[in-house]
Colleague: 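Okay, handing you the structure first.
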2 protein chains.
Amino acid sequence: MNKAERTRQFIIEKAAPIFNTKGYAGTSLSDMTESTGLTKGSIYGNFADKDEVALACFEYNHKMVREAISNEMAQFPSYRDKLLVYVEVYSNPRKYPLQHGGCPLLNTTIEADDTHPRLRALAGEAVVKWKERLVDLIEAGKAIKEFKKTTDPARTAITMIALLEGMIFVSRATGDPANGKAVIESIRNLIHEL
Amino acid sequence: MNKAERTRQFIIEKAAPIFNTKGYAGTSLSDMTESTGLTKGSIYGNFADKDEVALACFEYNHKMVREAISNEMAQFPSYRDKLLVYVEVYSNPRKYPLQHGGCPLLNTTIEADDTHPRLRALAGEAVVKWKERLVDLIEAGKAIKEFKKTTDPARTAITMIALLEGMIFVSRATGDPANGKAVIESIRNLIHEL
DNA sequence: TTAAAAATATACCAATCGGTATATTATAAA
DNA sequence: TTTATAATATACCGATTGGTATATTTTTAA
């Protein structure tokens, strides 16, 4: 890594949590210069514009979540346990580095869907791939008879995603941990009935 | 309604869909003057600041959704059918005036939770009240033996909310109606198993 | 160690931001 | 119809926005 690559990475690491909490429209260049200690000249020497920083930050935030999930998942041979890792990681934002601002997929989709087509596209592809990974896990579980053969992989996968993001929504909206826990219980139920 | 009250209402009606699509940080005073044809002087003559417009617009957007739901619900005596109204309204954004930008509860919560405490508080209270209305419906259904006595009203209510908002998320993220429909099917299942 | 190249800082730009004081116009009660 | 008052428009404010041209410093390879 040469200097420019290190700086680029440094900017991403500092700006990513800001974009995830304040959103694209809510994050300014001064937020970035402040958090990095760098100047605008330095930032624009490494990125074409604000858009490019935002896109890179989204990918960084999303990668952090994915890595937390797959690291945990590697510990469990059972597919049911692998699926339960999502529940564990998403319901313990303190313990796992979903860090500042919650799920970047949810934040980006809700803010960008009507206003920022490139971010919207990135988030959309990420959700589609997430669904595919879940479908693969559920089909693998069916193949070794861990899950029932009546289980619908596609419907289960997308329902799990909806429940996980919906759980984040009710937690953040009400601020009451009991609401999040109630949804968690429903997700556990869903996984145990596969 | 005197002139000022009519103008205030007019501003809200014009600005509400903009706030719901572009968010609080993304909506500017010029957006409002443009969409209303009024000047800043007129807007600030009827509202103290941008905050007050945003708050009024959130309440307007939320009221529109609530009224669409309760109008439909009045047609059905069965509590199961009443619950299914949510599915109908939330899955047909064209037919019902959830209108521009999707569910204001989801949009506001996701944008405001880290940045705008007053909006956050409004959205939070709205979700709590929504849950309470659902709990009431489910308990009423249990009272007349339409629902099983083993049904957990609180958990069912909050899970339904999570699924409905999660459904909006997967629809908007992927842009694929099939994903939304798959979640819808899961919500219908949930309601039929009560 | 040096010199060319790359990276960063400085200083600036026009445009837009939210907001306000004041002038003008429209309303509404007498 | 008049007149006091309320509502709206005009013209402006300083601060901040995203972005850039250029000067200065730091890397990096010879």
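To find a chain, count down the sequence lines: A is the first, B the second, and so on, and within it residues start at 1.
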Colleague: C/dC17, OP1 or OP2 - any side-chain N/O from B/Ser30 closer than 4.0 Å?
Modeller: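 For C/dC17, OP1/OP2 do have a side-chain N/O of B/Ser30 under 4.0 Å.
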Colleague: Quick one: are B/Ile191 and B/Met160 in side-chain contact, heavy atoms under 4.5 Å?
Modeller: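 Touching, per the 4.5 Å side-chain cut-off.
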Colleague: To the nearest Å, how far apart are A/Tyr44 OH and C/dT10 P?
Modeller: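 One finds 18 Å between P of C/dT10 and OH of A/Tyr44, rounded.
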Colleague: Round to the nearest Å and state the distance from A/Met32 atom CE to C/dT8 atom P.
Modeller: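 After rounding, the reported distance stands at 16 Å.
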Colleague: Just compare D/dT8, D/dT28, C/dG18 and give me whichever is closest to any side-chain atom of A/Asn2.
Modeller: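 My answer, after comparing the listed nucleotides, is D/dT28.
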Colleague: Starting from P on C/dT10, measure out to CG on A/Leu38 and report it in whole angstrom.
Modeller: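 After rounding, the gap between these two atoms is 11 Å.
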Colleague: Tell me: CE of A/Met1 to P of D/dT28, nearest whole Å?
Modeller: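 Going from A/Met1 (CE) to D/dT28 (P), I get 12 Å.
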Colleague: Taking NZ from B/Lys40 and P from C/dT20, how many angstroms apart are they, rounded to a whole number?
Modeller: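 Spelled out: NZ on B/Lys40 to P on C/dT20 is 11 Å.
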Colleague: Please determine, for the side chain of A/Ser42, which listed nucleotide (C/dA28, C/dA7, C/dA9) has the closest atom?
Modeller: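 In terms of side-chain proximity for A/Ser42, the closest of C/dA28, C/dA7, C/dA9 is C/dA9.
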Colleague: Using atom CD of A/Glu5 as one end and atom C1' of C/dT8 as the other, report the distance to the nearest whole Å.
Modeller: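 Atom CD in A/Glu5 sits about 16 Å away from atom C1' in C/dT8.
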Colleague: Select from A/Thr39 and B/Lys3 the residue whose nearest nucleotide in DNA chain C is closer to the 5' end of that strand.
Modeller: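 Looking at the nearest nucleotide for each, A/Thr39 comes out on the 5' side.
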Colleague: Indicate whether OP1 or OP2 belonging to C/dA7 is found under 4.0 Å from a side-chain N or O atom of A/Asn46.
Modeller: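 Checking A/Asn46 against C/dA7: no side-chain N or O falls below 4.0 Å of OP1 or OP2.
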Colleague: Would you say a side-chain N or O of A/Thr7 is under 4.0 Å from OP1 or OP2 of C/dT8?
Modeller: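 True: A/Thr7 side-chain N/O within range (under 4.0 Å) of C/dT8 OP1/OP2.
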Colleague: So does A/Lys50 reach the base of D/dG19 with its side chain, donor to acceptor, closer than 3.5 Å?
Modeller: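 Counting by modelled atom types and ignoring angles, no donor-acceptor contact under 3.5 Å is found here.
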Colleague: Relative to each other, are the rings of A/Tyr90 and A/Tyr86 parallel, tilted or perpendicular (30° and 60° limits)?
Modeller: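 Ring orientation, 0 to 90° scale: tilted.
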Colleague: Using a 4.0 Å heavy-atom cut-off, does B/Thr33 contact any base of the nucleic acid, only the sugar-phosphate backbone, or nothing at all?
Modeller: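 It contacts nothing in the nucleic acid.
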Colleague: For the residue pair A/Thr108 and A/Leu122, establish whether any side-chain heavy-atom pair is separated by less than 4.5 Å.
Modeller: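 Contact flag for A/Thr108/A/Leu122 side chains = no.
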Colleague: In whole Å, I'd like the distance from the CZ atom of B/Arg8 to the P atom of D/dA6.
Modeller: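 These atoms are roughly 17 Å apart.
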Colleague: Checking side-chain contact (heavy atoms from CB on, under 4.5 Å) between B/Tyr79 and each of B/Ile144, B/Leu84, B/Asp136, which is the one that passes?
Modeller: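 Result: among B/Ile144, B/Leu84, B/Asp136, B/Ile144 is the only option passing the side-chain contact (heavy atoms from CB on, under 4.5 Å) with B/Tyr79.
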Colleague: Nearest 0.5 Å, what's the CD-CG distance between A/Glu146 and A/Asp81?
Modeller: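 Taking CD in A/Glu146 and CG in A/Asp81, the distance rounds to 7.0 Å.
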Colleague: Expressed as a whole number of angstroms, how long is the span from A/Tyr24:OH to D/dG18:P?
Modeller: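 Value for this atom pair: 8 Å.
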